[in-house]
Structures are given as structure tokens and as C-alpha cells.
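Below you'll find the structure, written out as C-alpha cells, and then a few comments.
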Amino acid sequence: MTAPAAHPDSQQWEEDGVRLELDGELALVTLCHAKRRNAQSPAMWRALAAVGRSLPGTVRVVLLRAEGVSFSAGLDRAMFTPEGIPGERTFLQLAAAEDKDLDEAIAGYQEAFTWWRRPDLVSIAAVQGHAVGAGFQLALGCDLRVVAEDVQFAMKETSLGLVPDLAGTKPLTELVGFARALEICATGRWVGAEEAVATGLANIAVPAAELDEAARDLAAALLAAPRSAVTETKALLQGAAGRSYEEQRAAERAAQARRLRDLAGLGD
């Protein structure tokens with residue numbers, strides 16, 4: 001496995017709660033503030049966004065996991081205090097900002113949650129314990145989710161007078177439908193492993209001791225298929241909801257033509 005110290009910023013990322021390790025075509029991204037239950041801060045979000053930008057082009061699969069009993073307890077509650085987090089703008093300062101400035105600040109936070117769905121990668125979240133608010137949305141940012149049987153998802157933002165704004169509302173609605181997504185968000189209730197699998201939030205649930213092995217097995221299965229075929233298939237599926245039946249058929253034909261020509265050595 002390639003040491004994360006190969007990147008000049010890896011030590012800073014780890015101090016901010018994120019560790020990157022490279023193992024050939026697999027990248028392992030680990031939330032490593034276990035004592036704080038991987039509570040999230042703008043510094044962690046900057047580190048996650050930077051990790052995404054730093055991945056070499058050889059990486060095909062990204063496995064997101066977390067140390068400790070919880071995947072992520074959500075937003076660092078210090079952000080809700082008047083003092084805030086040293087070096088970061090407080091909620092009061094954000095609220096007082098001009099519209100453009102506030103929009104850019106939230107967009108910057110969202111960068112940590114959006115790169116996981118890049119067309120050239122497949123991302124897997126291995127989730128144990130609590131995945132609350134920002135933690136829930138980070139898991140939703142990935143393409144696939146493997147969960148431990150003790151997992152507890154919750155979207156607590158609405159209960160705090162806020163909305164989920166870290167790119168989680170669209171994947172949540174796509175996975176479980178509008179009515180259930182509204183109920184989960186508006187009530188802030190807990191969603192366990194059985195319901196997560198039944199509703200499509202999770203692909204599989206396993207005993208907590210088997211979580212890492214199950215996630216790695218899924219990563220290995222994804223890496224066993226040719227990269228270009230996986231990339232084309234992911235693009236087809238990602239675009240399906242926005243296409244009509246006939247448009248999707250046309251997209252399938254175009255993708256298959258590219259694959260056939262590539263396999264025959266006739267591609268561009």
C-alpha cells in the first residue's frame with residue numbers, strides 16, 4: 001500500500017480528520033477523529049475536497065470509511081456556539097454575509113460531498129454506528145453503501161431549524177422517494193440497517209466486525225470488471241432518470257458502439 005505521506009498535504013489532512021491511502025487502483029479515505037466521533041468541520045471538508053482533487057488518474061474505486069464506533073456524529077457542535085471553531089466563520093458571521101458570499105461559502109463546503117460521484121470513479125461508503133446530518137449526507141455522496149448492523153442514520157438539520165445543504169437531498173430522494181425522504185428529514189428520526197437495506201439506502205448490512213471485509217470485497221468485485229465498461233455503465237445509469245425511455249435506448253446504443261469499437265481496437 002502506498003503511504004499517504006507521498007502527498008505533501010497528507011499530514012495536514014490527517015490533523016483535520018482525514019487519512020488517504022492508495023492501494024493500486026483503490027483509494028481508501030478514512031475519517032480519523034474517532035475520539036470526536038468524526039464530527040465534521042470546515043477544515044475536514046477542505047481536506048476531503050483536497051483529497052478528491054489529489055487522486056491519481058489510476059484510481060478506479062474509492063472506499064470511504066471511519067475509525068471508531070461512529071461513522072460521523074455530524075457537524076461539530078462548536079459551530080453552533082457564539083465562539084465557533086477557531087479560524088472559521090461562525091454561523092452568525094455566515095448569516096450576516098452578503099448573499100453571494102454566503103452562497104460561495106456553502107458551495108465550498110459542498111465540494112467535500114460531491115466528487116464521490118465523478119464518472120471516472122465508483123465510491124463506496126462503509127458506515128457503522130451513527131451517521132448523523134453531515135455524516136448521513138457524506139455517506140449519501142457515495143455511489144454505494146455497505147453498513148454495519150448497528151448503523152443509525154438521521155438527518156437532524158430540520159430539527160435544528162436548518163435544512164440539509166451538503167448535497168444529500170437529491171440522492172436521498174432518488175434512493176427512497178419523495179415521501180419517505182421528507183419524513184426522514186422533517187422528523188429527524190433514526191433509520192437502522194434493516195430499513196436502510198429495505199429502502200435502498202444501503203446495498204447490504206453485515207455484522208460490525210465484518211464491515212471492512214465486506215466493503216473491500218465489493219471494491220474488489222468492482223475492480224474486476226474493465227474500467228471503461230464500468231465507467232460507461234455508471235454514466236448510463238446516472239443519466240437514466242433525466243432521459244425518456246427512447247432517449248435511454250439511444251444512449252445505450254451509443255455507449256455500446258463505443259465499447260465494441262474499443263474492444264475491436266477501432267476506438268479513437
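As the structure is a prediction and not an experimental result, all values here were calculated from the model.
Looking at Gln152, its side chain never comes within 3.5 Å of a backbone N or O of Ala193 through a donor-acceptor pair. Judged by distance alone, with hydrogens and angles left aside, the side-chain atoms of Lys156 form a donor-acceptor pair with the main-chain N or O of Gly188 at under 3.5 Å. Listed for the Asn38 side chain is a donor-acceptor partner under 3.5 Å among the backbone atoms of Ser70.
The residue from Glu246, Glu247, Glu252 that alone fulfils the side-chain hydrogen bond (donor to acceptor under 3.5 Å, both in side chains) condition with Arg249 is Glu246. Shown are Ile204, Val146, Val61; of these, the side chain to side chain contact (heavy atoms under 4.5 Å, CB included) with Leu218 is made only by Val146. Just one of Arg36, Gln40, His33, Arg37 meets the side-chain hydrogen bond (donor to acceptor under 3.5 Å, both in side chains) condition when paired with Ser72; it is Gln40.
Between the side chains of Glu232 and Gln256, no donor N or O sits under 3.5 Å from an acceptor N or O.
Tracing side-chain contacts under 4.5 Å through hydrophobic residues (I, L, V, M, F, W, Y), one never reaches Trp190 starting from Val147; they form parts of separate clusters. Criterion: ILVMFWY side-chain heavy atoms under 4.5 Å apart, direct or through other members. Under it, Trp116 and Tyr109 are part of a common hydrophobic cluster.
Under the 4.0 Å criterion applied to side-chain N and carboxylate O atoms, Asp212 and Arg216 are assigned as salt-bridge partners. Salt bridge annotation for Arg19-Glu67: present, with a cationic side-chain nitrogen under 4.0 angstrom from a carboxylate oxygen. In summary, Asp143 and Arg118 do not engage in a salt bridge, as defined by a charged side-chain N under 4.0 Å from a carboxylate O.
For Ser228, the side chain to side chain donor-acceptor pair (under 3.5 Å) partners are Arg259, not counting sequence neighbours. Every side chain to side chain donor-acceptor pair (under 3.5 Å) that Glu88 has, sequence neighbours left out, goes to Arg46.
Considering only heavy atoms from C-beta on, Thr30 comes within 4.5 Å of Arg65 through its side chain. Side-chain contact between Ser54 and Trp13: present, with at least one pair of heavy atoms (C-beta onward) separated by less than 4.5 Å. Side-chain contact between Leu138 and Leu64 is present, with heavy atoms from C-beta onward closer than 4.5 Å. Taking the side chain as every heavy atom from C-beta outward, Ile85 and Thr90 never approach each other to under 4.5 Å.
Ring pair Trp45/Phe113 is perpendicular by interplanar angle, where above 60° counts as perpendicular and below 30° as parallel.
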